[in-house]
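Take a look at the structure below.
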Amino acid sequence: MKITYSVIAPIYNEIENLPELYRRVKQVMDSSGETWELILVDDGSTDGSTEKIREIAQADKQVRPVIFARNFGHQVAITAGWDYARGEAVIIIDADLQDPPETMLELAKKWKEGYEVVYAVRAEREGETWFKKFTAAMFYRLIYSITDVKIPVDTGDFRLMDRKVVNVLKQMKERHRFPRGMSAWVGFKQIGVEYKRAARVAGVTKYPFKKMLKLALNAITGFSYFPLQVATYFGFFSAGISILAIPIVAYMRMTGSHFFEGQTTTLISVLFLGGVQLISLGILGEYIGRLYDEAKGRPLYIVRDAPEDQ
Ligand code: UDP
Ligand code: MG
């Protein structure tokens, strides 16, 4: 049977949200009058979500469970969803219902008009702390300004993609992933649809500051060499300053000034350069670590249980 829509929801300890997620996705998808499937990717949940997913899938064959062997992270869970999706259009949605399933119909409308990537833009965010909103806003703008691909701001992973796009994304095997960047990178006909991001229905965010930082690093290193270039800029800057300083200090000494005597200036410049060098090394290390991960070529994720027809 041909499937029109594949809805992918990554799940990490969302037991309270699962029944409501299923109910609303089913309602919306049934109302579209087309065939659909819901792929629930269990990203190593420990709160009983796994059993709940199995239960829902048992009762409704349109629900396909992909159960990971452990927690691999949101981005990797989305990737597994792409691998198992069979639909003509693939939609990624958060399991906590912050992305209203009803918006999927608006995304689908644009798809029918011929757009191949329809991303949902957060016009408003409800029920999130100012810290989350502030760091998110900074994050989107930083990424936009330093990466080589123009990744739309205030846009999460909530989006619809045509089968053609998903087939390309499936070939992109990078380990440290940033799906929204990847789907901007591929090109195709893209458009945004504004929506109001709701508050979480239940539970707490699974994105503590540390995970957000990791995501930001994946986005920056995955789509830009800017941090590596910063070392070069710093190098030129400090070299430039010291070249300028040589004649000035020589002149002052010859005219009898004792301004630069003592160890303080030496100490400051040594510390400054030492700092710059260590930071540059750290940046290099970030990229080398990522290269090393790629070189190992381990599988992106391990499934304990998944539908047979991939
Ligand atoms: N998620 C996941 N693995 C993780 C963390 C989160 O699959 O390691 C899922 C989570 O269950 C949810 C989605 O990713 O469906 C978005 O997470 P969350 O709502 O916690 O992020 P926020 O909306 O706070 O940025
Ligand atoms: Mg959320």
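Note that the structure is predicted; figures quoted are calculated from it, not measured. FYI, the numbering just counts along the sequence from 1. Both ligands and their constituent atoms are indexed starting at 1 by order of listing.
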Could you tell me which atoms of ligand 1, counted from 1 in the order shown, lie closer than 4.0 angstrom to a heavy atom of [X]?
X	value
K211	4 (C), 5 (C), 8 (O)
Q98	19 (O), 22 (P), 23 (O)
E14	10 (C), 11 (O), 12 (C), 15 (O)
G73	3 (N), 8 (O)
R200	18 (P), 19 (O), 20 (O)
A95	15 (O)
D96	19 (O), 23 (O)

### ligand 1 contact by R197, heavy-atom criterion under 4.0 angstrom
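Yes, R197 has a heavy atom closer than 4.0 Å to ligand 1.
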### Query
Can you check side-chain hydrogen bond (donor to acceptor under 3.5 Å, both in side chains) on Y140 and R122, steps first, answer last?
CA-CA 12 Å; Y140 291 128; R122 302 165 175 176; 2.8 Å; yes
[X], portion touching ligand 1 at heavy-atom distance under 4.0 Å:
X	value
K206	both
I11	backbone
T205	both
M212	neither

### Query
Counting both backbone and side chain atoms, is some N or O of P10 under 3.5 Å from an N or O of ligand 1?
yes
### N or O contact, V204 vs ligand 1, cut-off under 3.5 Å
no
### Message
So, 2.8 Å as the limit: is an N/O/S atom of D94 located closer than that to the Mg ion (ligand 2)?
### Response
no
Closest protein heavy atom to [atom], given as residue, atom name and distance to 0.1 Å:
atom	value
atom 13 (C) of ligand 1	D94 OD1, 3.6 Å
atom 17 (O) of ligand 1	Y207 CD1, 3.8 Å
atom 3 (N) of ligand 1	D43 OD2, 2.6 Å
atom 25 (O) of ligand 1	K132 NZ, 2.9 Å
atom 1 (N) of ligand 1	Y12 CB, 3.7 Å

### side chain to side chain contact (heavy atoms under 4.5 Å, CB included) evaluation trace for Y115 with Q190
CA-CA 6 Å; Y115 290 97; Q190 309 219 358; over 6 Å; no
### Message
Using only atom types and a distance under 3.5 Å, with no angle test, would you say the side chain of K206 pairs donor to acceptor with the backbone of V204?
### Response
yes
### Query
Taking the side chain from S224 and the backbone from T147, do they hold a donor-acceptor pair closer than 3.5 Å?
no
### Task
Compute the ring centroids of F68 and Y301, then answer whether they are less than 6.0 Å apart.
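Ring centroids of F68 and Y301 are less than 6.0 Å from each other.
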Can a donor-acceptor pair be found between the side chains of [X] and [Y] at a distance below 3.5 Å?
X	Y	result
N17	D96	no
T50	D42	yes
Q98	R197	yes

### Metal-centred angle, OE1 of Q98 through the Mg ion (ligand 2) to OD2 of D96, rounded to 10 degrees
100°
### Task
Would you indicate whether K109, at its atom NZ, is surrounded by more than 12 heavy atoms from other residues, nucleotides or ligands within a distance under 6.0 Å?
no
[X]/[Y] ion pair, N-O < 4.0 Å:
X	Y	value
E294	R175	yes
R177	E174	no
D154	R141	yes
E37	R64	yes

